[in-house]
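Report on the structure given below.
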Amino acid sequence: MSGGSFYQRDRTWHPPAFTPGYKTSVTRSPQKALIALDNTLSEMTGPVFGHDMIGELDNDLIRNFAKDGEPIGQRIIVHGRVLDEDGRGVPGALVEFWQANGGGRYRHKKETYLAPLDPNFGGCGRTITADDGSYRFRTIKPGPYPWPNGVNDWRPAHIHFSIFGLGFAQRLITQMYFEGDPLIWQCPIVATIPDRAAVERLVAPLDMANTVPMDARAYKFDIVLRGRRSTMFENRMEGN
Amino acid sequence: MVQSLDRLKESASQTAGPYVHIGCTPNYCGIEGVYAEDLGKHMVDADTKGERIRIVGRVFDGVGTPLKDALVEIWQADADGLYPSPGETRGKADPNFSGFGRSPGDMATGEFVFETIKPGKVPFKDGRLQAPHVTLWIVARGINIGLHTRMYFGDEAAANEADPILSRIEHRSRVPTLIAARSEENGVPTYRHDISLQGENETIFFDI
Ligand SMILES: [Fe+3]
């Protein structure tokens with residue numbers, strides 16, 4: 001699908017760059033104003049990834065790294081749709097996700113949390129959305145973990161998401177939280193988002209209608225990417 | 001009351017965090033056997049048209065320390081200025097070119113590297129040609145929303161001069177932050193493009 005330029009990003013809805021409560025942002029936040037760049041082809045186009053790129057177990061974190069058994073923890077299914085701001089499903093979107101294991105430990109050289117690695121859990125997966133924008137994957141519910149910011153800051157349980165829509169301007173990385181987790185409202189990274197309503201949209205509800213009985217519970221997480229103008233009347237403002 | 005526009009809000013961004021490589025380049029950070037190869041590692045093959053180049057650089061924080069946990073993605077046109085994307089309606093791009101690259105900074109030095117080709121010119125909205133450029137997107141721990149910027153080529157002075165975006169930037173002293181110098185490194189034309197998140201030479205970032 002082609003289309004016109006993307007709707008302007010609402011920068012008051014997203015976290016600002018400089019958020020001193022999240023200390024690392026202090027030296028990593030641009031201080032000058034962003035320069036507005038009305039989308040050209042360079043921003044309206046983007047890479048597409050075919051379903052043939054995706055391996056059979058890519059969306060199954062319970063099995064894609066398993067060595068001699070299954071990972072320890074609560075078995076869950078995460079599912080939802082990738083939509084645009086007009087509510088249309090975005091087909092063919094690449095969704096990548098990564099997370100800590102059931103004890104809150106990441107499989108990464110620089111990770112120092114004392115909770116143990118799970119030999120059967122890698123913590124990464126990916127999938128491509130169907131024609132209606134839907135996606136799903138199976139995993140273990142990640143544990144919360146402490147992190148060096150304040151002396152006693154803990155991340156709520158979360159799954160990181162990276163999404164490619166149809167244009168590079170839609171590129172987005174965000175995090176999914178779990179309904180009912182009290183740590184959400186104490187987290188300095190969550191608190192970088194100014195509007196509580198925007199945070200609530202990142203909290204996935206428990207979805208008992210989509211559980212697999214005697215196997216796994218489900219959480220539903222819809223993701224909204226920027227919408228775009230129709231191509232009609234484009235490129236006619238000056239010359240051309 | 002008027003009718004509702006009834007639009008959804010974009011999902012709010014959250015930082016990619018310190019472990020973005022687990023999800024985006026797992027082989028690079030030691031999680032092997034899940035994906036055959038990290039996404040965006042190879043942009044070209046033996047049959048790709050155009051001049052082979054390397055783009056290398058580092059991302060610096062406000063203290064002048066290179067980030068070692070960033071992820072840099074690039075998106076660019078092929079040698080004829082066509083994007084390998086369904087949104088490209090002017091023609092068919094080189095089937096041997098992906099246009100998309102993804103690089104984790106080297107764990108020791110923070111240096112990102114792309115082996116690619118020099119892109120052709122892509123038209124601006126009004127039909128004028130833009131100077132050859134690469135679009136970059138940078139995420140890392142401490143970056144709350146991915147940063148979009150561009151890299152232009154230092155050996156394209158005339159095209160850069162006429163570029164509709166570069167020529168519109170009011171603070172002329174900042175324009176060089178978008179232009180990479182060309183040199184030969186190990187026999188390969190190399191464009192060195194460091195990015196500064198803050199400070200005197202803060203790179204221009206775009207609200208696209
Ligand atoms: Fe995390």
Side-chain angles (χ1 to χ4, degrees), chain A residues 1-2 13-15 17 19 24-25 27-28 30-32 34-37 39-48 64-65 83 85-87 96-98 106-110 122-124 160 162 166-169 171-175 189 192-193 198 201-202 223-226 235 238-240, chain B residues 7-24 26 29-31 33-35 61-63 67 73 75 83-89 98-100 122-127 130 133 135 137 139-147 165 169 197-198 202 204-208:
Chain A
M1 185 186 90
S2 63
W13 177 257
H14 288 286
T19 49
T24 316
S25 76
T27 57
R28 294 184 172 196
Q31 293 169 329
K32 297 187 166 69
L34 301 178
I35 292 186
L37 197 175
N39 294 178
T40 72
L41 265 179
S42 307
E43 292 75 35
M44 289 189 272
T45 56
V48 279
N64 70 11
F65 194 79
L83 305 161
E85 288 169 285
D86 293 305
E96 299 167 290
F97 19 88
W98 64 101
Y106 281 100
R107 183 171 287 280
H108 194 282
K109 293 181 184 88
K110 292 181 179 169
C124 65
H160 296 266
S162 164
L166 300 169
F168 208 59
R171 201 72 187 80
L172 181 71
I173 280 183
T174 187
Q175 301 183 28
I189 287 177
T192 62
I193 299 174
R201 289 266 319 284
L202 300 181
I223 299 160
V224 180
L225 302 180
R226 296 168 69 179
N235 298 335
E238 12 181 348
N240 205 25
Chain B
R7 219 160 258 148
L8 302 174
K9 297 291 285 184
E10 186 186 12
S11 297
S13 173
Q14 288 270 261
T15 179
Y19 305 126
V20 60
H21 301 138
I22 293 177
C24 294
C29 69
I31 300 177
V34 182
Y35 309 150
D61 70 13
V63 186
L67 273 58
E73 292 184 349
W75 173 240
Y83 278 104
S85 171
E88 175 60 83
T89 55
S98 77
F100 171 73
V122 178
F124 191 57
K125 294 171 77 109
D126 60 7
Q130 304 180 69
H133 64 273
T135 294
W137 191 68
V139 293
R141 175 173 68 103
I143 295 177
N144 288 326
I145 180 165
L147 300 169
I165 288 166
I169 292 170
L197 299 178
Q198 292 181 351
E202 181 177 310
I204 288 178
F205 298 105
F206 292 105
D207 187 9
I208 69 173

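The structure presented is a predicted model; accordingly, all values stated were derived computationally and were not measured.
Both the backbone and the side chain of Val34(B) come within less than 4.5 Å of a heavy atom of chain A. Of the two parts of Leu225(A), only the backbone, made up of N, CA, C and O, holds a non-hydrogen atom closer than 4.5 Å to a non-hydrogen atom of chain B. For chain A, the nearby parts of Leu67(B) are the backbone and the side chain; heavy atoms of each come within less than 4.5 Å. For Ile204(B), the part lying under 4.5 angstrom from a heavy atom of chain A is the side chain only. Contacts between Ile165(B) and chain A at a heavy-atom distance below 4.5 Å involve the side chain alone, from C-beta outward. Interface remark: Phe97(A) contributes backbone atoms only to the contact with chain B (heavy atom separation under 4.5 Å). Using a 4.5 Å cut-off between heavy atoms, Arg107(A) contacts chain B through both its backbone and its side chain. For a residue to count as touching a neighbouring chain, one of its non-hydrogen atoms must lie under 4.5 Å from one of that chain's; by this rule Tyr19(B) touches chain A with backbone and side chain alike. Proximity to chain B (any heavy atom under 4.5 Å) is restricted, for Ala17(A), to the backbone atoms N, CA, C and O. Both the backbone and the side chain of Gln31(A) come within less than 4.5 Å of a heavy atom in chain B. Using a 4.5 Å cut-off between heavy atoms, Ser42(A) contacts chain B through both its backbone and its side chain.
For Trp13(A) (side chain) and Glu10(B) (main-chain N/O), a donor-acceptor pair under 3.5 Å exists by modelled atom type. For Thr45(A) (side chain) and Glu88(B) (main-chain N/O), no donor-acceptor pair under 3.5 Å exists by modelled atom type. Although no hydrogens or angles enter the test, the distance criterion places a donor-acceptor pair under 3.5 Å between the side chain of Arg201(A) and the main chain of Lys9(B). Using modelled atom types, no side-chain atom of Thr27(A) and backbone atom of Gly62(B) make a donor-acceptor pair closer than 3.5 Å.
For chain B, the option among Lys109(A), Arg171(A), Lys110(A) with the highest count of heavy-atom pairs below 4.5 Å is Arg171(A). With chain A as the partner, the residue from Ile169(B), Ile143(B), Val20(B), Asn144(B) showing the most heavy-atom pairs under 4.5 Å is Asn144(B). Here Thr24(A) is the residue among Thr19(A), Asn39(A), Thr24(A) with the most heavy-atom pairs under 4.5 Å with chain B. Contact count against chain B (heavy-atom pairs under 4.5 Å) is highest for Leu37(A) among Val48(A), Thr174(A), Leu37(A). Between chain B and the residues Ala169(A), Gly46(A), Gly87(A), Ala36(A), the largest count of heavy-atom pairs under 4.5 Å involves Gly46(A). Heavy-atom pairs under 4.5 Å with chain B peak, among Leu83(A), Ile189(A), Ile223(A), at Ile189(A).
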Could you walk me through whether Glu73(B) and Phe168(A) pass the side chain to side chain contact (heavy atoms under 4.5 Å, CB included) check? CA-CA 10 Å; Glu73(B) 292 184 349; Phe168(A) 208 59; 4.1 Å; yes

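At least one side-chain heavy atom of Asp86(A) sits less than 4.5 Å from a side-chain heavy atom of Arg7(B). The shortest distance between side-chain heavy atoms of Cys124(A) and Phe65(A) does not fall below 4.5 Å. In this structure, Trp137(B) and Trp75(B) have side chains that are not in contact, with every pair of non-hydrogen atoms separated by 4.5 Å or more. With a 4.5 Å cut-off on side-chain heavy atoms, Leu202(A) and Ser11(B) count as touching.
Ring geometry for His160(A) against Tyr106(A) counts as tilted: the plane angle lies between 30° and 60°, on a 0 to 90° scale. Ring orientation note: the planes of His21(B) and His108(A) are close to parallel, at an angle under 30° on the 30°/60° scale.
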